[in-house]
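Single-structure report; data block below.
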Amino acid sequence: MMYNQENIQALFDLFNRLSVLVIGDVMIDAYIFGKVERISPEAPVPVVTVEKRQNRPGGAANVALNIKSLGARAILCSVIGNDQKGNEFIDILNQNGLPVQGLVQSNNRITTTKFRIIGNKTQMLRVDEEITDDLNKPEERLLIKRIHSILDSDKIDVILFQDYNKGVLTKNIITQTIKLARSRNIPVAVDPKKKNFMAYKQVNLFKPNLKELKEGIDIAFDAQSIPETGKALAFLMEKLHVEMVMVTLSEKGVLIGNHSHDREHTVYHIPAHLRNIADVSGAGDTVISVASLCLALNMGPEDIASLSNLAGGLVCEEVGVVPIDKNKLLEEVLNTMVR
């Protein structure tokens, strides 16, 4: 589309009308911020003097927070532990104004927590506490029931699978939800991981990064070559029978391919914008959040990729996993895309 200030503003206003069902692995991103002024006498490691602690919604919950930051409504469906961290996670959602009706608490799991230690604005260490086994059958049934109930009671504009290989997105959950979505004409976007990479058949938008694309398909290709990566992307579209595949390429931007009406593939490359990169954590979450809202609004592949690419770059300028700032994104879009 041709961009001008009015239609960009109208697009951003339309985000406010959307509801997104986010299904996937959630976690607590726990941060310890401090100062480093000396090396420990016990081992050659820095000593971090704690100045601040912070818990943030992580994983699929960070995606939900990004969606909320863009003005849309996000409903999160996941399984967490029936433990102290699980209760803390529910508190974090409440503090951030995110609904909790899609959460299942299980006695058989712990709530995934990633502890990040930041010294002098640099990440020094990460410690993960998690169970990554697949959900058991009763947990699957409870989660499917929650998904069904939300789809029956709410008008959902797009379903977003956010996969971190932590066990919530089993093949059964994936296939049953896609079937439900298709029966209700709800578009589906996916941010995949390796384990169930090929289970997301017939979705509308599939967004791996370059590493996930290489690991997920069985053909060798030169990942440094945009044309070669484009061929791999087209191969994946055929294999999964999906409408669009968008591959994030870090400093090289994004590639997006789609099936046109004559069944031939069209692939677009959107280069990255120059940035002062502080931290790439959470950039993928932001990209899929923006892309899913654009998908719900039935935007074309080139526009989806352009907006998502800008948003992903913006959050890389912040330290830690932070949601996108809608006003900053709007300003960035107006500065770079209006012609």
### Query
Charged N to carboxylate O below 4.0 Å: is that the case for D218 and K239?
no
### Query
Is D157 paired with R73 through a side-chain N to carboxylate O contact shorter than 4.0 Å?
no
### Query
For I174, does its backbone N or O pair with a side-chain atom of T177 as donor and acceptor, under 3.5 Å?
no
### Distance-only donor-acceptor check, side chains K326 and N16, under 3.5 Å
yes
### Query
Taking 4.0 angstrom as the limit, do K207 and D191 come out as a salt bridge?
yes
#### Entry: Pairwise distance CD1(I256) to CG(L233) - rounded to 0.5 angstrom
8.5 Å
### Task
Could you tell me how the ring of F12 sits relative to the ring of F15: parallel (under 30°), tilted (30 to 60°) or perpendicular (over 60°)?
tilted
### Message
Set out, in order, the CA-CA distance, both residues' side-chain angles and the distance that settles salt bridge (Lys or Arg N to Asp or Glu O under 4.0 Å) for R184 and D152, then state yes or no.
### Response
CA-CA 10 Å; R184 293 160 192 248; D152 282 344; 2.9 Å; yes
### Ring centres under 6.0 angstrom apart (F206, F197)
yes
### Query
Measuring from E130:CD to Y164:OH, what's the distance to the nearest 0.5 Å?
12.5 Å
### Query
Salt bridge check: are K193 and E212 linked by an N-O gap of less than 4.0 Å?
yes
### Message
For a side chain to side chain contact (heavy atoms under 4.5 Å, CB included) check, start with the C-alpha distance between E88 and Q84, then their side-chain angles and the critical distance, and finish with the verdict.
### Response
CA-CA 6 Å; E88 280 179 32; Q84 187 191 333; 3.1 Å; yes
### Message
With rounding to the nearest 0.5 angstrom, report the OG1 to CG distance, T170 to D163.
### Response
10.0 Å
